[in-house]
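The structure appears below as structure tokens.
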There are 2 protein chains.
Amino acid sequence: MAKKVVPEEERRRRRPTRQGVVVTQQLIVETALRMLHEHGRDGLTVRRLGLALGADPSTLYRYFRGIDDLTLAIADELIGRAMRGRRPTGQWRTDLREIGLRIHTAYLAHPEAAVLTASRVSGRANEIAGDETLLGVLRSTGLPDPDVVRIYQAFVDQALAFAALDAASLALPEAARAADERVWHATYAELPAETHPNIAALAPLLVARMNDSAYPTALEMLLDSAEASIRRARRGGDRADT
Amino acid sequence: MAKKVVPEEERRRRRPTRQGVVVTQQLIVETALRMLHEHGRDGLTVRRLGLALGADPSTLYRYFRGIDDLTLAIADELIGRAMRGRRPTGQWRTDLREIGLRIHTAYLAHPEAAVLTASRVSGRANEIAGDETLLGVLRSTGLPDPDVVRIYQAFVDQALAFAALDAASLALPEAARAADERVWHATYAELPAETHPNIAALAPLLVARMNDSAYPTALEMLLDSAEASIRRARRGGDRADT
DNA sequence: TGAGTAAGGTCAACGCTGTTGGCATAAGGT
DNA sequence: ACCTTATGCCAACAGCGTTGACCTTACTCA
């Protein structure tokens, strides 16, 4: 078997599989995303990937070191899709808001993949480009470097954290997702006011909001805070923080 | 095999296993937490759980419907540990801050378990009690119910989202965690200023902050926003939002 | 005190999984 | 046209969650 994976750029021989498919890293990643979509979070298996690809399962190991390596490639693909087609306005707040919402949207479009990848550092092209862009937007505000880094970190972690949390609910196996939702109607909505007065009083409102993400609100709050820091920096010169 | 799991309260016969262990749901949950700690996120297996418990693997199915049911029990245990020993001050902001940080801390103490459970709704005792407490704190501020629910949701989701994200990094298999960390030093810190000026300029600051959680900052921002809403509610009567 | 019941522990088996070593084949540089 | 070797394929391994049947023994009730 393969001692080493040949990098995509150095591949010369493109030998089709028995079923006539010419395999590439990109094709594997796209197939993996589709399988996660169709079969759920646990539905990405090497054997099924081979089947869907029209190749032997072990072929994967000619293109990735293993499942974890494939996972990092998927992570980078998600970031790439989030940033692709972006239209920067030059207004930092508008641009940051759009990036945050784009990340959230792109991840929720592939919830099973999002769960697998949100906490990973791929170090691949799309991730690096995204970070460079983000840091550029923040630096353009004139913030001192330590503040840029602080806000950058909060922004990225918040976007990824909410994306992962919201995706995790969507990505649950159907049985578990239905069970979790049933808890709201069967358990929370039925608690008696004597023992749980607060839940009982708010149950209808809680159930109604249940499926909405809190990310847009949290994002706006972060941008407010950033704006305050930027005002402070522009006014006070080298005063950095309170 | 068992057609149905007997609820813990109704258990009468406590028959020890061949190795003399008297099994309970609580014992299984504690053992599962310990195994996750010792063997990593993928280290909780039914067979290993049986071994650690001193019982046949299939014994689990006498106490839980399956791995997913056990997962929900673990989720509730984490919430219970987060809230246990809390000392309410009666000051809403202080109390909310403490609850948020306690959740974050309790989850990070068991990162592998946190990843499995952060997005689940257990509907069990500790979770319900925690929600009742939180809603009580928020209602004590005099906020109108819709604002209570809105802030409650943002607060809980943000706490769980950051807990899950931060836990996910800690819970990675050692090889993956080391690889992700190496990316920062080997990839980001080495990018040339010509192609990636922003990353190159900030690399030392980025690497230094790499291991710190952004949650405390985000939490304080959420509390700021809540405080503003409360002020507005107390002043304006029935004016709810901007 | 003794008998009957069924809770609960154990065993063996099923069809999955990721991964690997060895082998066959054909692509592409010369 | 040849030769090298990249690349696809096959078979096998250990370990996974789960299940059905079986057996043992704690508890109930007379």
Side-chain angles (χ1 to χ4, degrees), chain A residues 1-25 27-28 31-32 35-36 39-72 74 116 173 175-176, chain B residues 1-25 27-28 31-32 35-36 39-72 74 116 173 175-176:
Chain A
M1 93 141 287
K3 295 299 173 207
K4 195 163 179 352
V5 172
V6 177
E8 194 73 5
E9 318 80 50
E10 297 173 18
R11 285 187 183 271
R12 313 236 93 100
R13 309 188 185 183
R14 314 250 53 153
R15 175 175 167 186
T17 69
R18 176 152 303 183
Q19 299 173 47
V21 183
V22 175
V23 180
T24 60
Q25 283 196 1
L27 179 64
I28 293 178
T31 306
M35 295 188 48
L36 283 168
H39 297 97
R41 101 197 294 171
D42 295 331
L44 175 60
T45 72
V46 179
R47 282 169 169 76
R48 227 186 323 225
L49 187 57
L51 202 66
L53 223 39
D56 187 87
S58 64
T59 298
L60 171 71
Y61 296 87
R62 299 276 182 206
Y63 291 84
F64 296 97
R65 289 191 304 278
I67 275 280
D68 191 71
D69 197 24
L70 171 57
T71 302
L72 292 179
I74 294 173
L116 291 178
Chain B
M1 91 142 287
K3 295 297 173 208
K4 198 168 176 347
V5 171
V6 177
E8 194 72 5
E9 317 79 74
E10 296 174 17
R11 282 185 186 273
R12 312 238 96 102
R13 310 190 182 181
R14 315 252 50 153
R15 175 175 164 187
T17 69
R18 176 154 300 183
Q19 299 173 47
V21 183
V22 175
V23 180
T24 61
Q25 283 196 1
L27 178 64
I28 293 178
T31 306
M35 294 187 48
L36 283 168
H39 297 97
R41 102 196 293 172
D42 294 331
L44 175 61
T45 72
V46 179
R47 283 171 167 75
R48 224 185 327 222
L49 186 58
L51 202 66
L53 223 39
D56 187 86
S58 64
T59 298
L60 171 71
Y61 296 87
R62 300 274 182 207
Y63 291 85
F64 296 98
R65 289 191 303 277
I67 275 280
D68 191 70
D69 197 25
L70 171 58
T71 302
L72 292 179
I74 294 173
L116 292 178

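Computed over heavy atoms, backbone and side chain alike; hydrogens, waters and symmetry mates excluded. Just so you know, these numbers come straight off a predicted model, no measurement behind them. By convention in this document, chain letters (A, B, ...) are assigned in the order of the sequence lines, proteins followed by strands, and residues within each chain are numbered from 1.
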With a 4.0 Å limit, can you tell me whether [X] has a side-chain N or O closer than that to the phosphate oxygens OP1/OP2 of [N]?
{"X": "Thr45(B)", "N": "dC16(D)", "answer": "yes"}
{"X": "Tyr63(A)", "N": "dG8(D)", "answer": "yes"}
{"X": "Arg18(A)", "N": "dC10(D)", "answer": "yes"}
{"X": "Thr59(A)", "N": "dT7(D)", "answer": "no"}

Grab the [atom1]-[atom2] distance between [X] and [N] for me, whole Å please.
{"X": "Met35(B)", "N": "dC16(D)", "atom1": "CE", "atom2": "P", "value": "9 Å"}
{"X": "Leu44(B)", "N": "dG15(D)", "atom1": "CG", "atom2": "P", "value": "17 Å"}
{"X": "Ile28(B)", "N": "dG9(C)", "atom1": "CD1", "atom2": "C1'", "value": "12 Å"}
{"X": "Leu60(A)", "N": "dA6(D)", "atom1": "CG", "atom2": "C1'", "value": "17 Å"}
{"X": "Arg62(B)", "N": "dG20(D)", "atom1": "CZ", "atom2": "P", "value": "12 Å"}
{"X": "Asp69(B)", "N": "dT19(D)", "atom1": "CG", "atom2": "P", "value": "12 Å"}
{"X": "Phe64(A)", "N": "dT20(C)", "atom1": "CZ", "atom2": "P", "value": "16 Å"}
{"X": "Arg15(A)", "N": "dT4(D)", "atom1": "CZ", "atom2": "P", "value": "18 Å"}

Nucleotide nearest [X] when distance is taken to its side chain, options [options]:
{"X": "Thr17(A)", "options": "dT19(C), dG17(D), dG8(D)", "result": "dG8(D)"}
{"X": "Arg47(B)", "options": "dA27(C), dG18(C), dT18(D)", "result": "dT18(D)"}
{"X": "Tyr61(A)", "options": "dG18(C), dT25(C), dC9(D)", "result": "dG18(C)"}

Open item on the list: Could you measure the distance from the CG atom of Leu51(A) to the CD atom of Gln19(A)? Nearest 0.5 Å is fine.
Closed with: 7.5 Å
Task: Nearest-0.5 Å distance, CE of residue Met35(B) to CD1 of residue Ile28(B) - done: 12.0 Å
TODO: Identify the heavy atoms of Pro57(A) and Val46(A) that sit nearest to each other, and give their distance.
DONE: O-CG1, 3.4 Å
Open item on the list: Taking the side chain as everything from C-beta on, heavy atoms only, tell me whether Leu116(A) gets closer than 4.5 Å to Ile74(A).
Closed with: no
Task: Check: Thr31(A) side chain, Leu53(A) main-chain N or O, donor-acceptor pair, under 3.5 Å - done: no
